*Asks:* 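Take this structure, written in structure tokens, and hold onto it; I'll ask about it next.
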Amino acid sequence: MLRCFMTVATHGSLSEAADALGRTPSAVSMMLKQFEEHVGSALFETARKSRLTPLGDLILAEARREVAHFENTVSVIEGLSRSELGYLRLAVTPSVATTILPPVIFRFAQKFPKVQIDLRDMDSVTIARELDRERADIGIGSLSEVEGMRRTELFSDAFGLVCRKDDPLAKDWDKLSWRTMGDHPIIANGLCEQITDPDFAPILARSRLMVPNTASLLGLVRQGVGITVLPRLAVANVLDEFAFLPLHDVHARRTVHLMSRPSNLLMPAAQEFLKLITGMKRDGSLVMDT
């Protein structure tokens with residue numbers, strides 16, 4: 001009714017308004033009459049609908065605002081359904097955020113430039129908690145199976161010893177092994193529990209420092225507080241500063257998964273992101289130095 005009234009008032013005649021609305025003049029006249037009955041007062045001074053009453057002028061201003069608001073709301077809803085608008089909440093480990101995601105987000109932002117992306121890096125335990133509390137749409141990390149969640153393996157990478165480049169271990173590492181690393185102080189982190197090699201257990205047991213945050217962990221290694229064990233991807237961007245020493249006698253690997261609620265429960269933007277990253281993995285364009 002508001003759109004009908006606004007169109008008639010703008011065009012100044014029933015016939016022109018009918019053409020603009022794609023309706024017959026009689027249908028427009030009937031709807032306009034219903035609107036005036038609903039308001040309880042005439043909105044036009046003459047039957048030709050060329051001049052508004054003072055009340056009609058006031059209602060026209062309100063009608064324009066409300067119709068514009070309605071059209072904008074419909075546009076937003078349509079944009080959400082087509083993933084043109086909306087938001088995407090990602091919770092990922094720091095190594096994934098700095099190495100894997102940049103090209104994925106670049107492609108996604110090119111395809112859906114109006115989607116707002118909230119990217120937060122955190123450890124895997126926190127990622128699982130954020131997904132459970134529905135404060136993230138998609139998580140990427142070393143995640144265990146969770147009932148009601150969809151989990152897909154994304155990649156895996158080998159663990160290695162991480163130390164300063166001037167550490168004696170780095171110079172002679174090709175002559176050493178995991179079992180002969182000596183009494184070097186080791187800084188534990190959340191990923192150490194994934195290494196099940198029996199020779200690693202006593203080494204980890206003598207650690208007196210546990211640091212889950214990768215940036216803080218590397219800061220301590222940089223200072224010479226100790227050495228640590230990390231997957232290769234976690235230090236891929238800082239190999240100019242740190243040495244990554246493969247553990248020749250350890251076969252443990254860190255496995256990284258995508259996790260989310262079932263696709264039909266996700267916002268369209270999250271659905272499209274999942275399609276993109278799994279497609280990039282499938283066609284080999286997801287670059288991983290593992």
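Predicted model, so just to flag it, every value in this text is computed and none were measured.
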*Asks:* What are the two closest heavy atoms between Val225 and Pro185, and how far apart are they?
*Replies:* O-CG, 3.6 Å
*Asks:* Please give me the minimum heavy-atom distance between Thr98 and Ser95, naming the atom from each residue.
*Replies:* OG1-O, 3.3 Å
*Asks:* Tell me, do Glu241 and Leu218 make a side-chain contact under 4.5 Å, heavy atoms counted?
*Replies:* no
*Asks:* Is a side-chain N or O of Asp123 found less than 3.5 angstrom from the main chain of Asn213, in a donor-acceptor match?
*Replies:* no
*Asks:* Evaluate Ile140 against Leu90 for side chain to side chain contact (heavy atoms under 4.5 Å, CB included), listing each step before the verdict.
*Replies:* CA-CA 8 Å; Ile140 306 178; Leu90 301 173; 5.8 Å; no
*Asks:* Would you say Met31 and Phe35 make side-chain contact, with heavy atoms under 4.5 Å?
*Replies:* no
*Asks:* To the closest 0.5 Å, what do you measure between CG (Leu230) and CZ (Phe244)?
*Replies:* 8.0 Å
*Asks:* Atom NZ of residue position Lys165 - does it have more than 12 heavy atoms of other residues, nucleotides or ligands inside 6.0 Å?
*Replies:* yes
*Asks:* For residues Leu266 and Leu154: do they belong to one hydrophobic cluster (side chain heavy atoms under 4.5 Å, members Ile, Leu, Val, Met, Phe, Trp, Tyr)?
*Replies:* yes
*Asks:* Quick one: are Ile186 and Phe200 in side-chain contact, heavy atoms under 4.5 Å?
*Replies:* yes
*Asks:* Are Ile203 and Arg206 packed together at the side-chain level, in the sense that at least one heavy-atom pair is separated by less than 4.5 angstrom?
*Replies:* yes
*Asks:* Salt bridge check, Arg89 against Glu130: does any charged N sit closer than 4.0 Å to a carboxylate O?
*Replies:* no
*Asks:* Hydrophobic clustering (ILVMFWY, side-chain heavy atoms < 4.5 Å, transitive) - are Val92 and Val125 grouped together?
*Replies:* no
*Asks:* So Thr152 and His257, do their side chains get closer than 4.5 Å, heavy atoms only?
*Replies:* no
*Asks:* I would like to know whether Arg3 and Glu71 meet salt bridge (Lys or Arg N to Asp or Glu O under 4.0 Å); could you show each step before the answer?
*Replies:* CA-CA 10 Å; Arg3 190 190 300 278; Glu71 289 177 344; 2.7 Å; yes
*Asks:* Under a 4.5 Å cut-off applied to non-hydrogen side-chain atoms, are Arg64 and Thr10 in contact?
*Replies:* yes
*Asks:* Give, for atom CD1 of Ile127 and atom CE of Met259, the distance between the pair rounded to the nearest 0.5 Å.
*Replies:* 10.0 Å
*Asks:* If you draw a 6.0 Å radius around CD in Gln223, do more than 12 non-hydrogen atoms from other residues or ligands fall strictly inside?
*Replies:* no
*Asks:* Is there a chain of hydrophobic side chains (I, L, V, M, F, W, Y, each step under 4.5 Å between heavy atoms) that links Leu119 to Leu286?
*Replies:* yes
*Asks:* I would like to know whether Ile138 and Ile277 meet side chain to side chain contact (heavy atoms under 4.5 Å, CB included); could you show each step before the answer?
*Replies:* CA-CA 11 Å; Ile138 297 171; Ile277 193 169; over 6 Å; no
*Asks:* With a cut-off of 6.0 Å (strictly less than), are more than 12 heavy atoms of other residues, nucleotides or ligands near CD of Gln116?
*Replies:* no
*Asks:* Please name the residue in the list Arg254, Glu193, Gln194 that meets the side-chain hydrogen bond (donor to acceptor under 3.5 Å, both in side chains) test with Ser142.
*Replies:* Gln194
*Asks:* Using the six-membered ring wherever Trp is involved, compare the ring planes of Phe108 and Phe273 and label them parallel, tilted or perpendicular (cut-offs 30° and 60°).
*Replies:* perpendicular
*Asks:* When you look at Leu220 and Val211, which way does the side chain to side chain contact (heavy atoms under 4.5 Å, CB included) test go after all the steps?
*Replies:* CA-CA 9 Å; Leu220 293 170; Val211 183; 3.6 Å; yes
*Asks:* Quick check: closest heavy atoms across Leu191 and Phe159, and the distance to 0.1 Å?
*Replies:* O-CZ, 3.7 Å
*Asks:* Rounded to the nearest 0.5 Å, how far does CD1 of Ile227 lie from CZ of Phe242?
*Replies:* 13.0 Å
*Asks:* Can you see which heavy atom on Leu131 is nearest to which on Arg261, and at what distance?
*Replies:* O-NH2, 3.4 Å
*Asks:* Over all heavy atoms of both residues, which pair between Pro231 and Asp157 is shortest? Give the atoms and the distance, please.
*Replies:* CB-OD2, 3.3 Å
*Asks:* Does Arg232 reach the side chain of Leu239, with side-chain heavy atoms less than 4.5 Å apart?
*Replies:* yes
*Asks:* Give a yes or no on whether a salt bridge exists between Glu153 and Lys281, defined as a side-chain N under 4.0 angstrom from a carboxylate O.
*Replies:* no
*Asks:* Kindly say whether Ile187 contributes a backbone atom to a donor-acceptor pair with the side chain of Thr228 at under 3.5 angstrom?
*Replies:* yes
*Asks:* The test is side chain to side chain contact (heavy atoms under 4.5 Å, CB included); show your working for Val8 and Phe44 and say whether it passes.
*Replies:* CA-CA 10 Å; Val8 173; Phe44 293 90; 3.6 Å; yes
*Asks:* Does Leu274 belong to the same Ile/Leu/Val/Met/Phe/Trp/Tyr cluster as Leu143, with side-chain heavy atoms less than 4.5 Å apart forming each link?
*Replies:* no
*Asks:* If hydrophobic clusters are built from ILVMFWY residues whose side chains come within less than 4.5 Å, do Met1 and Leu21 share one?
*Replies:* yes
*Asks:* Report the distance from atom OG1 of Thr278 to atom CG of Leu258, rounding to the nearest 0.5 Å.
*Replies:* 7.5 Å
*Asks:* Within a 6.0 Å radius of atom CZ on Arg51, are there more than 12 heavy atoms belonging to other residues, nucleotides or ligands?
*Replies:* no
*Asks:* Going from OG on Ser156 to CG on Leu233, what distance comes out if it is rounded to the nearest 0.5 angstrom?
*Replies:* 10.5 Å
*Asks:* What's the spacing between Ile59 CD1 and Thr53 OG1 if we round to 0.5 Å?
*Replies:* 7.0 Å
*Asks:* Side chains of Asp118 and Tyr87: does their closest heavy-atom pair fall under 4.5 Å?
*Replies:* no
*Asks:* Salt bridge or not between Glu36 and Lys33? Use side-chain N to carboxylate O under 4.0 Å.
*Replies:* no
*Asks:* Over all heavy atoms of both residues, which pair between Pro94 and Met122 is shortest? Give the atoms and the distance, please.
*Replies:* CD-O, 3.6 Å
